[in-house]
Structures are given as structure tokens and as C-alpha cells.
Protein chains: 4
Amino acid sequence: MAVSSRERVRAAAVKLFATKGFHGTGIRDLAQEAELSSASLYHYMGTKEDLLAEIMRTALNRLLAAAREATAGGGEPVQRLRTLVALHVLAHAAGPEETRVVDNEVDVLSPAAREPVVALRDTYERLWAAAIDDGVAAGVFRVEHPAVTRLALLEMCSGVARWYSPRGPLALDELAEHYAELASRALGCTSAPGVADLRRCREIVAKEWGVSV
Amino acid sequence: MAVSSRERVRAAAVKLFATKGFHGTGIRDLAQEAELSSASLYHYMGTKEDLLAEIMRTALNRLLAAAREATAGGGEPVQRLRTLVALHVLAHAAGPEETRVVDNEVDVLSPAAREPVVALRDTYERLWAAAIDDGVAAGVFRVEHPAVTRLALLEMCSGVARWYSPRGPLALDELAEHYAELASRALGCTSAPGVADLRRCREIVAKEWGVSV
Amino acid sequence: MAVSSRERVRAAAVKLFATKGFHGTGIRDLAQEAELSSASLYHYMGTKEDLLAEIMRTALNRLLAAAREATAGGGEPVQRLRTLVALHVLAHAAGPEETRVVDNEVDVLSPAAREPVVALRDTYERLWAAAIDDGVAAGVFRVEHPAVTRLALLEMCSGVARWYSPRGPLALDELAEHYAELASRALGCTSAPGVADLRRCREIVAKEWGVSV
Amino acid sequence: MAVSSRERVRAAAVKLFATKGFHGTGIRDLAQEAELSSASLYHYMGTKEDLLAEIMRTALNRLLAAAREATAGGGEPVQRLRTLVALHVLAHAAGPEETRVVDNEVDVLSPAAREPVVALRDTYERLWAAAIDDGVAAGVFRVEHPAVTRLALLEMCSGVARWYSPRGPLALDELAEHYAELASRALGCTSAPGVADLRRCREIVAKEWGVSV
DNA sequence: CATGAATGAGTATTCATTCAT
DNA sequence: GATGAATGAATACTCATTCAT
């Protein structure tokens with residue numbers, strides 16, 4: 001089952017933008033990685049910036065869709081937040097390169113290209129904000145600065161993409177559970193640990209990211 | 001009291017490397033920001049990479065020195081960890097640009113230049129590891145994966161440099177206290193909140209970073 | 001009656017070479033204008049230069065044939081010259097794009113491709129030279145430097161292609177008459193004005209250029 | 001007396017833009033002609049388009065200044081027009097390359113760069129229009145379509161830059177006189193021939209264009 | 001007849017760096 | 001100290017053209 005050139009270009013860009021940065025990645029690097037001439041690259045992309053923006057939008061759409069699907073039924077805030085954390089961690093561990101690109105290279109986009117990316121990220125973060133706010137309102141979270149705490153937890157979870165290796169001692173399941181627990185504790189939550197629908201999160205990530213988790 | 005050209009070059013590099021990235025910053029950008037000709041720049045620096053490496057080493061040495069000074073007397077693990085967290089947050093909020101450079105641009109260094117930087121960072125992280133391990137050993141921290149947790153907390157705290165603005169609603173003191181609390185909770189610590197030597201942390205940061213905190 | 005692809009390519013080339021120049025027109029511009037893929041273009045042309053050369057030869061052949069037909073019976077020099085002027089002006093106003101290509105892009109041709117184009121132009125200009133020389137010999141033209149004057153008049157008449165618009169105040173007939181008069185006067189001719197066979201000139205141009213004049 | 005690099009770049013551009021066209025001239029061609037590396041070129045110019053626009057503005061300013069100086073005192077319309085023609089011809093014969101650039105490459109400029117160029121050209125042409133209109137009003141010119149005639153004469157005179165060679169049989173003086181005569185006749189003027197201040201025109205051209213005429 | 005894919009050579013422009021003054 | 005001049009190598013991107021399908 002051959003991989004199309006188009007897919008090879010995208011994969012090359014994700015890999016190189018993640019490891020060397022957008023400005024550190026030359027068009028020639030992309031071409032070499034995609035096993036194409038640098039001129040041929042332009043059959044499959046617009047400008048280098050277009051390619052970056054498209055990767056970001058795709059990645060964020062994927063994450064947003066996954067998060068919405070995983071928290072579809074609403075449910076109580078604690079489980080919703082844990083689900084969001086687990087999903088975020090699974091996604092960042094399953095697709096660390098594309099999430100690093102999203103996290104690190106937003107500023108290189110021109111305003112026009114950045115706008116929809118930031119909008120997607122904001123929409124996604126509002127899912128977290130809602131879960132936290134609901135939990136605080138319900139009295140199950142006890143935290144002084146919910147907005148700051150949201151940022152702190154997001155940074156904590158996104159960091160996974162910077163260091164996690166599947167060859168390390170922790171399985172993905174354990175990692176997700178652990179982070180859900182760290183987040184719950186940080187939010188002052190005392191209820192029993194665990195992520196109720198961890199299996200479903202894994203299925204969603206497996207489906208959306210096309211990898212076995 | 002005039003600012004020396006050498007200092008202007010360094011300040012320009014910190015600012016631009018932080019906002020545009022190393023590869024996104026040209027020698028001419030640096031020259032313009034430092035109000036020097038691009039040729040004159042080379043009186044004050046070696047190569048562009050030398051400049052980056054020097055900034056990183058300086059920043060990490062500063063952070064390490066500050067952390068050592070703040071936790072000098074040893075003390076009990078909970079307070080040590082809280083002190084480390086508070087200091088880290090204060091430093092990242094007080095010098096967000098230089099810490100972002102350290103956090104984001106390590107990979108652009110050549111192996112030879114990267115080695116001492118990574119060594120410094122490892123040394124610094126060992127202070128955190130020791131505090132956490134001591135706390136676990138003492139039974140005041142209850143956490144399943146201490147090493148992973150250390151990484152999670154470090155990422156959470158470093159993230160401050162990515163979003164904190166002094167014009168926001170939180171004062172630095174509150175921010176540091178809040179993060180210390182989040183970290184303590186995540187570590188399963190139930191003792192009374194607070195950072196015993198927060199004032200001293202602020203003094204150290206003020207001294208090392210040359211800013212009023 | 002559908003326009004063939006071949007004709008669309010030629011028309012696109014004439015339009016774009018005239019407005020953007022040969023070097024300013026890309027193969028992709030041609031393809032877009034002709035509503036064909038750039039690869040398909042090559043079913044209807046050789047190289048880009050071949051296309052240009054063919055356009056020039058066709059245009060010059062047309063102009064030459066028209067001039068020969070219009071001045072067929074010989075006739076007296078004044079009327080011959082006036083006929084040539086009127087025809088030249090009508091042709092340049094009726095097909096400004098193709099004549100601009102001929103006038104402006106000769107130098108981009110390789111020597112091999114340029115040779116027949118220059119030969120055609122020279123043959124055409126000899127018709128003018130003969131009319132002028134005959135008029136001078138007959139004493140109806142009084143001009144000091146006939147060769148220079150020929151060039152001056154040709155440039156004057158060709159310039160029509162650079163500015164004439166059918167939406168302007170002058171009808172083609174008047175324009176042709178006016179230029180014939182200007183040329184006659186410049187040649188020191190005092191005979192009565194007018195172009196005897198203007199109607200025939202218009203018919204020739206209408207036939208050769210395929211437009212209603 | 002060394003020629004500065006800056007001047008060499010300009011001279012190279014004038015020569016090459018005139019002979020090969022703007023789009024037909026590569027930055028490498030310019031560099032070779034100017035005996036500089038292509039990178040060094042950029043010490044002396046902005047973009048290639050900037051260079052073109054600057055050449056055009058300079059050339060038109062020169063022509064306009066010369067025309068204003070030559071026709072300063074006003075004077076009667078016939079002599080004014082003859083002076084304008086003679087000056088135009090001298091200028092186009094003395095600096096054929098720069099005038100060809102002005103005449104042929106206006107359309108490659110972006111709107112922003114074209115605007116001042118067109119404005120200068122319009123201002124210059126108004127000097128011709130005024131002379132012609134004054135002559136018509138005074139009854140010394142008898143011509144039906146003064147505006148069209150102005151364009152015809154301008155094209156005729158500008159054409160000189162396309163074919164005149166100082167190695168040809170005509171001296172510049174004779175050429176200028178001849179064109180003044182052609183123009184006068186075309187305008188239906190019967191007064192005695194000649195250009196009253198031809199010597200002054202030559203001095204002005206010699207001064208402005210820096211060549212001996 | 002038509003075209004998507006492909007590319008080597010080319011485009012204008014910028015790069016970090018050196019050096020004579 | 002400071003910099004204008006200079007450049008080889010690199011940048012992102014486009015060129016005209018070919019060919020398998």
C-alpha cells in the first residue's frame with residue numbers, strides 16, 4: 001500500500017518542523033526527507049507557511065474533534081476534566097511531533113494564517129475552562145485561580161510531547177491515568193482516582209491519529 | 001549610566017531569539033535592535049551560535065545559583081520543593097525571554113555547544129529530583145511516578161514564561177504561591193500551604209535577574 | 001463555431017506577449033489564459049520561442065501581403081505612400097497586440113529565429129522606401145533625408161498600436177486619413193489630401209485580420 | 001578617476017534593461033556587467049524593480065528639466081515646438097538606452113512605482129501639448145487633431161532611440177534639425193525652417209546627460 | 001487529446017561572516 | 001571601536017519542459 005507523495009510531504013514537514021523548527025527547516029530538507037526534488041514539493045503544497053498552517057489546523061481540528069467526542073455526553077466535571085487530560089496526554093504522546101509544531105511555531109505564522117489557528121486553540125481551551133469552572137461551581141474542585149490553573153495544567157500536559165518516549169518505562173495508559181490524577185489533585189479534588197472512559201479515549205486517539213495506542 | 005554596547009547586543013539577542021527564534025532572527029535584526037552595524041556586532045560576540053550558547057549558559061547558571069542559594073540550608077522536602085517552584089516561577093515570570101530561549105532553542109546548538117547547557121539543566125533538575133525523592137522517602141509526598149511527576153511540574157512551571165504578563169490580574173507573589181500550592185497538591189502533600197521563604201526567593205531573583213520583582 | 005485549442009493558445013500568447021512581454025509571460029500564464037493545462041500547451045506549440053517566432057512571422061506576412069495587395073497596381077507615389085500609411089495605421093489599430101509583439105520582442109529571438117522575421121520586416125519596409133524614393137524622384141516629395149524620414153514615419157505609425165483605443169473619439173477612418181496627411185505633409189507633399197482607396201484598405205485589413213474595421 | 005560601484009550598477013542596469021528588457025535581465029547579468037557579485041549588488045540598490053523605477057524617474061526628471069530649461073522664456077509656439085522636438089531627439093540619440101527603458105518598461109512597474117513615472121511623463125507631454133495648442137490658437141499650426149498629432153510626433157521622435165547610431169551618416173545636429181522640420185511640416189507650419197536655439201539645446205543635453213553631443 | 005507528476009536549472013533575494021579602512 | 005564594502009553559500013520559490021498514463 002503505497003504512501004502518496006502528498007502524504008510524504010506532510011509527514012516530512014511534521015517531522016522536521018517538530019525537530020528543527022520552521023525556520024530551521026529548509027525546503028531542501030523537506031524535499032530530501034520526502035524523497036522528492038525541491039521543485040516537486042510545490043505540486044503538493046503552497047508556500048512553506050501554507051504547509052505549516054495546514055498542519056496546525058489539521059492537528060487542532062483533530063484534537064478538538066477528539067475532545068468533543070470524548071466529552072460528548074457532558075457528564076460530571078471531574079470525569080470530564082480527567083477525560084480531557086487523558087485525551088490530551090494520549091494525543092501528545094501519540095503524535096508528539098505534530099503537537100510540538102502546534103505548540104511552538106504559532107508565532108511564525110502571518111496574522112492572517114495565525115487567526116484561525118488561534119481560534120481553534122481557543123475553542124479547545126474553552127472545553128477545559130468549562131470543565132474546570134463547572135467543577136468549581138459544583139464544589140468538587142477547590143482552586144483559587146481557575147484560569148491560571150487551566151494554563152498551568154495545559155502546559156503540564158502539553159509538555160508530554162517534549163519528553164515522552166514509548167520506549168520509556170511508562171505505558172500510555174499509565175501515563176494518562178497519572179496525569180489525570182496530577183491534574184485532579186492540583187484542582188483540589190478528593191474523589192476517587194481513575195479515568196472512567198480511558199478505553200474510549202484510546203479508541204478515539206487511535207482512530208483520529210491513525211496509530212495504535 | 002550608559003548601557004554598554006556589549007549589553008545591548010545581549011539584550012537584543014535575548015529579546016529576538018525569544019520572540020522570533022534563533023533561526024528566525026537574522027544578524028541584521030540583531031544589529032538593528034542593538035543599534036549597531038552588523039559588522040560592529042562582531043566586536044561583542046563570536047558567531048551567532050556562540051551568542052546563543054552564552055546566553056543559555058548564563059541563564060542556566062543564574063537559575064542554578066539562585067536555586068542553590070534559596071535551598072541552601074537543605075530543610076524539609078516540602079518547603080524545599082515549594083521554594084524551588086516559587087523560584088522557578090518567579091524567574092520565568094521575571095525573565096520570560098531568556099528562559100524561553102533556554103527552553104526552546106537547545107536543539108539548534110551543535111553537540112559541542114549543547115553539552116554544557118544540557119549538563120547545567122540536568123544539574124538544576126537534580127535539585128528538584130532530590131527534593132521530590134526526599135519527600136517521597138519521608139512520606140510527605142505520595143506520588144506514583146516521581147520522575148514523570150518532576151517533568152510534569154517543571155513543564156507546568158516553565159510554561160509561565162509563555163503566557164505570564166505583569167499587566168495581568170495576578171501579582172508575582174500570588175502566582176508563585178499558587179504554583180507552589182498546585183505542585184504540592186499534585187505531589188499528594190497535605191501539609192499547610194505557603195512558601196516559607198518567598199521573600200527571600202524574591203530577593204534572590206531581584207538580585208540575580210537585576211529586576212525589581 | 002467553437003474556437004480550436006490551437007487558436008486559443010495563439011490568441012493567449014499574442015495577448016500576453018503584448019501586455020507583459022515575452023520574458024514576463026510564463027508558460028503557466030499562457031496555459032491559464034488558454035484554459036488548458038501547461039502540459040497540454042505543448043500539443044499546439046513547440047517551445048515558447050517557437051510560438052513567438054511563429055506569431056511574428058504570421059503577423060509580418062499578413063502585413064506584407066496586405067501592403068502588396070493594397071499597392072498592387074503601382075500607381076503614383078503619393079497615393080502609394082498614403083495607402084501604405086493608412087494600411088499600416090489600420091492594421092496597428094485593428095491588431096495592436098500582435099503588432100506590438102512584432103515591434104517590441106524581436107530582440108529576444110535567437111539569431112536563427114530572428115533572421116526570417118527581420119527579412120520580412122525589411123521586405124515590408126522596402127515597399128515604403130520605394131514609394132518615398134519614387135516620390136522624391138518624381139519631385140512630389142521634397143525631403144532631405146528620405147531613409148531617415150522613412151524610419152521616422154514608420155515609428156510614428158507603429159506608435160498607434162501603443163495608444164489607440166477604439167473607445168476614443170477618433171474613428172479608424174479618420175485616424176488613417178489623419179496619419180496619411182501627417183506623413184504627406186512631412187514629406188513636403190502639397191497635393192490634395194485624402195486616401196484614394198481607403199475603402200479597399202479597410203476591406204483588406206478586415207479580411208486579413210479577421211475583424212470588422 | 002574611478003567610477004564608483006554604485007554608478008557601475010546603474011550603468012549596467014540601463015544597458016541591460018535597454019537591450020534585453022527588464023524581465024530578460026537577470027540579477028546575475030547585472031552583477032557580471034557591473035563586475036560585482038550578485039550579493040554585492042544589493043548594497044547599491046533595493047529590489048530590481050526599485051532600480052528600474054529609479055532609473056526611469058531620473059531619466060524623466062532629466063528630460064523634463066532639460067525641456068523646461070530649453071523653453072524657459074516661452075517664445076513663439078513654432079520655435080518652442082521645434083526646440084522641444086530637437087531636444088527630445090538629441091536626448092534620445094544621446095541616451096538611447098535610458099530612454100528606451102523609459103519607453104518600453106513602464107508596464108512592468110507595480111502600480112505604486114508606476115504612478116510617479118507616469119506623472120512625470122504626463123507633465124513632460126503637457127509641454128508639447130501647450131506648444132501645439134498655442135500654435136494652433138495662433139494660427140501658425142494647421143492640424144485637425146492636435147492631441148493625436150502630439151502622440152504621433154512623440155512616437156516619431158522617441159523612435160530615434162530605437163535606430164539611431166552615431167556611426168551613421170547623419171550628425172546629431174542634422175538629425176535634430178530634420179526632425180524639427182518633419183514635425184513642423186506635419187503641423188502644417190509654413191514658416192522658415194531651422195531650430196533657433198539648437199546650440200543651446202546641445203549644451204543642455206551635454207550638461208544633463210554628461211556626454212559631448 | 002489531455003494532464004498530473006516530475007525535475008534540473010534558474011529566479012530574486014538574504015544569509016552570516018570577514019576585512020580593509 | 002566602528003563600519004561600508006564585499007561575498008560564497010544559502011534562502012524560498014518558479015521556470016520551461018518532458019513523459020507516463
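So that the names make sense, note that chain A is the first sequence line, chain B the second, and so on, each numbered from 1.
Atom-to-atom, CG of A:Asp29 to P of F:dT11 comes out at 7 Å; the value is rounded to the nearest Å. We find that CD of B:Gln32 is positioned 16 Å from C1' of F:dT3, with the value rounded to whole Å. At whole-Å resolution of the value, CG in C:Leu30 and P in F:dT14 are 17 Å apart.
Within the model, atoms CG of C:Leu36 and CG of C:Leu30 stand 10.5 Å from one another, a figure rounded to the nearest 0.5 Å. Here the straight-line distance linking atom CG of C:Leu60 with atom CG of C:Asp122 works out to 10.0 Å at 0.5 Å rounding.
Note on C:Arg62 versus C:Glu98: salt bridge recorded, some NZ/NE/NH1/NH2 to OD/OE distance being below 4.0 Å. The residues C:Arg10 and C:Glu54 are annotated as salt-bridged, a charged nitrogen and a carboxylate oxygen being separated by less than 4.0 angstrom. For the pair B:Lys20 and A:Asp107, the salt-bridge criterion is not met [side-chain N within less than 4.0 Å of a carboxylate O]. Salt-bridge annotation for A:Glu105 and A:Arg100: absent, with no side-chain N of the basic residue lying under 4.0 Å from a carboxylate O of the acidic one.
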Practice prompt. Could you give me the CA-CA distance, side-chain angles and deciding distance for A:Glu49 and A:Ser110, then say whether side-chain hydrogen bond (donor to acceptor under 3.5 Å, both in side chains) is met?
Written response: CA-CA 8 Å; A:Glu49 194 196 1; A:Ser110 65; 3.0 Å; yes
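Here the closest non-hydrogen pair linking B:Leu52 and B:Phe22 is CD2-CD1, 3.6 Å. Of all the heavy atoms in A:Thr25 and A:Leu16, the pair that sits closest is OG1-O, 3.2 Å.
For residues 34-49 of chain C, proximity to DNA chain F is found at C:Ala39, C:Tyr42, C:Thr47, C:Lys48, defined as any non-hydrogen atom under 4.0 angstrom from a strand atom. Residues of residues 9-27 of chain D having a heavy atom closer than 4.0 Å to DNA chain E, listed by number: D:Thr25, D:Gly26, D:Ile27.
For B:Arg28 and E:dA16, a side-chain-to-base donor-acceptor distance below 3.5 Å is present, hydrogens and geometry of angles not being considered.
With the 3.5 Å cutoff on both pairing distances, Watson-Crick and G-U pairs in DNA chain F assemble into runs of at least 3 at E:2-21 with F:2-21.
Using a 4.5 Å cut-off on side-chain heavy atoms (C-beta onward), D:Phe17 and D:Val102 make no contact.
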